[in-house]
Amino acid sequence: MLFHIKHITRYTYSRMVFCEPLIIRLRPREDILQRLMRYQLTVDPQPAGITEYLDVDGNIATQCWFSSPTCALSLGVNSVVETTCINPFNFLLDGAAVELPVKYRPDICPVLTPYRITDTSNGSAVTALVDSILAETNRQTIPFLTALACWISTNCQKTIRLEGDAFPAETTLQSRQGTCRDLAVLFGECCRAAGLAARFVSGYQSQLEDDGDRYLHAWSEVYLPGAGWRGFDPGQGVAVADRHVAVAAGLNPLAAAPTIGSFRGTDASSTMQTQLVIRVSS
């Protein structure tokens, strides 16, 4: 699939402010599953300086800093991405990964440890869901992952909440509703409880949301020996293939946030508007 993506984010401030250094993660990922053919970032007002670097999760992050006050800040991204993964199950699992919990090799365990630690605030509801699906799938890894994604998609109502942190997994499970980022957190926590390393992913998808509009999307990736990081979208109940474009991944939603920054200004407030246009062709 070929994605043409135009993504504009505009922050408007109630009075003149000074923007602190801003971190931007809006550059689509480049790997064996997707190819970045074009990427252009524009920032207004013009930054005093701009640099790119690889963050701890291997995402390309852009940092901007400013020298003058402003009453607005706009970020514009134009990307063209080709996705190539038609069959999301085109891999051969290591024998130690066929059944849960996965037995990760000692040499990669230290790297994966943060992605395997469950949130202590999660309680019996998450554990009960995991145990139920483990029993249903006879602890088989791929059937567990597909059944979990399908269960969340079927039993949790998808909502839209443009701002605010993702809810804890237990909260989403109890309310049986959440945004894509809430559902991704729930899926990731369930995977960790089952003995899988999991991380949060932000990006784009080919289909429109229920309200007919487009927004940044979120899903999860799990690390499978023999297959590497593989995506599962609990909002759609599917394994991620060529209809998703990954942008950034991290241990939690903040680590994959599209922008991180702050501003200084007395009694100043801000509002955010986004515009996302995606054209997809095969």
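The first residue of the sequence shown is numbered 1, and numbering continues consecutively from there.
If you take CH2 on Trp65 and CD1 on Ile23, they are separated by 11.5 Å, rounding to the nearest 0.5 Å. From Asn59, atom CG reaches atom CG of Leu26 across 11.0 Å, with rounding to the nearest 0.5 Å. In this structure, CD on Gln177 lies 11.5 Å from OG1 on Thr171, to the nearest 0.5 angstrom. Note that CD of Gln205 is 7.5 Å distant from CZ of Arg214, once rounded to the nearest 0.5 Å. Atom CG of residue Leu41 and atom SG of residue Cys64 lie 6.5 Å apart, to the nearest 0.5 angstrom. Of the inter-residue distances, the one linking Phe3 atom CZ with Ser206 atom OG reads 5.0 Å to the nearest 0.5 angstrom.
Here the side chains of Glu99 and Gln140 are in contact, with some heavy-atom distance below 4.5 Å. Counting heavy atoms from C-beta outward, Leu2 and Met37 have side chains that approach closer than 4.5 Å. Between Leu33 and Asp242 there is no side-chain heavy-atom pair separated by less than 4.5 Å. The closest side-chain heavy-atom distance from Arg35 to Thr84 is not below 4.5 Å. The closest side-chain heavy-atom distance from Thr259 to Leu22 is below 4.5 Å. Between Gln34 and Val245 there is a side-chain heavy-atom pair separated by less than 4.5 Å. Between Pro88 and Val240 there is no side-chain heavy-atom pair separated by less than 4.5 Å. Contact annotation: the side chain of Asn138 never approaches that of Pro143 to less than 4.5 Å [non-hydrogen atoms, C-beta and beyond].
The backbone N or O of Val247 lies less than 3.5 Å from no partner atom in the side chain of Arg25, so there is not a single donor-acceptor pair. Of the possible donor and acceptor atoms, one in the side chain of Arg181 sits under 3.5 Å from a partner among the backbone N and O of Gly164. In this structure, the side chain of Ser74 does not engage the main chain of Arg10 through any donor-acceptor pair within 3.5 Å. The backbone N or O of Thr172 sits less than 3.5 Å from a side-chain atom of Ser175, completing a donor-acceptor pair. Between the side chain of Thr113 and the backbone N or O of Cys109 there is at least one donor-acceptor pair closer than 3.5 Å. The main-chain N or O of Thr179 is found under 3.5 Å from a side-chain atom of Thr159 such that the two form a donor-acceptor pair. Proximity of a side-chain donor or acceptor of Asn252 to a complementary backbone N or O of Phe200 within less than 3.5 Å is not detected. Under the 3.5 Å distance criterion, the side-chain polar atoms of Thr146 are left unmatched by any main-chain donor or acceptor of Ala239. For the pair Asp182 (side chain) and Phe167 (backbone), a donor-acceptor distance under 3.5 Å is present. Under the 3.5 Å distance criterion, the side-chain polar atoms of Asn155 are matched with a main-chain donor or acceptor of Trp151.
Shown here for Ser124 and Glu170, the closest heavy-atom pair between the two residues is N-OE2, 4.0 Å. Closest approach of Leu216 to His7, counting heavy atoms only: CG-CE1, 3.7 Å. Cys156 and Leu183 make their closest contact through CB-CD2, 3.8 Å (heavy atoms, listed as atom of the first residue, atom of the second, distance). The two residues Phe18 and Pro69 make their nearest non-hydrogen contact at CD1-N, 4.3 Å. Across Pro114 and Leu251, no two heavy atoms sit closer than the pair O-CD1, 3.1 Å. Here the closest heavy-atom approach between residue Leu145 and residue Cys191 is recorded as CD2-SG, 3.6 Å.
For residues 244-282, the set of pairs meeting the ring pair (Phe, Tyr, Trp, His ring centres under 6.0 Å) definition, not counting sequence neighbours, comprises Tyr13-Phe263, His217-His244, Trp219-His244. Listed by first and then second residue, the salt bridge (Lys or Arg N to Asp or Glu O under 4.0 Å) pairs involving residues 218-231 are Arg29-Glu221, Arg199-Glu221 (not counting sequence neighbours). Note on residues 125-139: no pairs pass salt bridge (Lys or Arg N to Asp or Glu O under 4.0 Å), not counting sequence neighbours.
Under the 4.5 Å side-chain heavy-atom criterion for ILVMFWY residues, no single connected hydrophobic cluster contains both Leu73 and Ile260. Linking ILVMFWY residues whenever their side-chain heavy atoms come closer than 4.5 Å, directly or via other members, leaves Ile60 and Ile5 in distinct clusters. Note: the hydrophobic cluster containing Leu112 also contains Leu100 (ILVMFWY, side chain heavy atoms under 4.5 Å, direct or indirect links). By the rule that hydrophobic residues join a cluster once side-chain heavy atoms approach within less than 4.5 Å of another member, Leu134 and Val126 end up as members of one cluster. Tracing side-chain contacts under 4.5 Å through hydrophobic residues (I, L, V, M, F, W, Y), one never reaches Ile24 starting from Tyr215; they form parts of separate clusters.
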Notebook entry, point to check: Can Thr271 and Gln273 be said to form a side chain to side chain contact (heavy atoms under 4.5 Å, CB included), step by step?
Noted result: CA-CA 7 Å; Thr271 58; Gln273 294 178 310; 5.6 Å; no

Item checked: Stepwise side chain to side chain contact (heavy atoms under 4.5 Å, CB included) test for Leu224 and Ile142 -> CA-CA 10 Å; Leu224 302 173; Ile142 300 304; 3.9 Å; yes

Item checked: Residue pair Glu189, Thr118: steps toward the side chain to side chain contact (heavy atoms under 4.5 Å, CB included) verdict -> CA-CA 6 Å; Glu189 284 300 314; Thr118 58; 3.9 Å; yes

Notebook entry, point to check: side chain to side chain contact (heavy atoms under 4.5 Å, CB included) between Arg27 and Leu36: does it pass, once the steps are laid out?
Noted result: CA-CA 9 Å; Arg27 183 188 182 104; Leu36 182 60; 3.7 Å; yes

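Using a 30° and 60° split on the angle between ring planes, Tyr104 and Tyr223 fall in the tilted class, from 30° to 60°. Using bins of under 30°, 30° to 60° and over 60° for the plane-to-plane angle, the ring pair Phe187/Phe232 lands in the parallel bin.
Shown here is Arg243, whose CZ atom has no more than 12 heavy atoms of other residues, nucleotides or ligands within 6.0 Å. The number of heavy-atom neighbours closer than 6.0 Å to CZ of Arg161, taken from other residues, nucleotides and ligands shown, is above 12. Environment of CG in Leu54: crowded, with over 12 heavy atoms of neighbouring residues, nucleotides or ligands closer than 6.0 Å. By the 6.0 Å contact criterion, CD on Glu20 is enclosed, its count of non-hydrogen atoms from other residues, nucleotides or ligands being greater than 12. Remark: Asp165 CG is loosely packed, at most 12 non-hydrogen atoms of other residues, nucleotides or ligands lying under 6.0 Å away. Environment of CG in Leu92: sparse, with no more than 12 heavy atoms of neighbouring residues, nucleotides or ligands closer than 6.0 Å.
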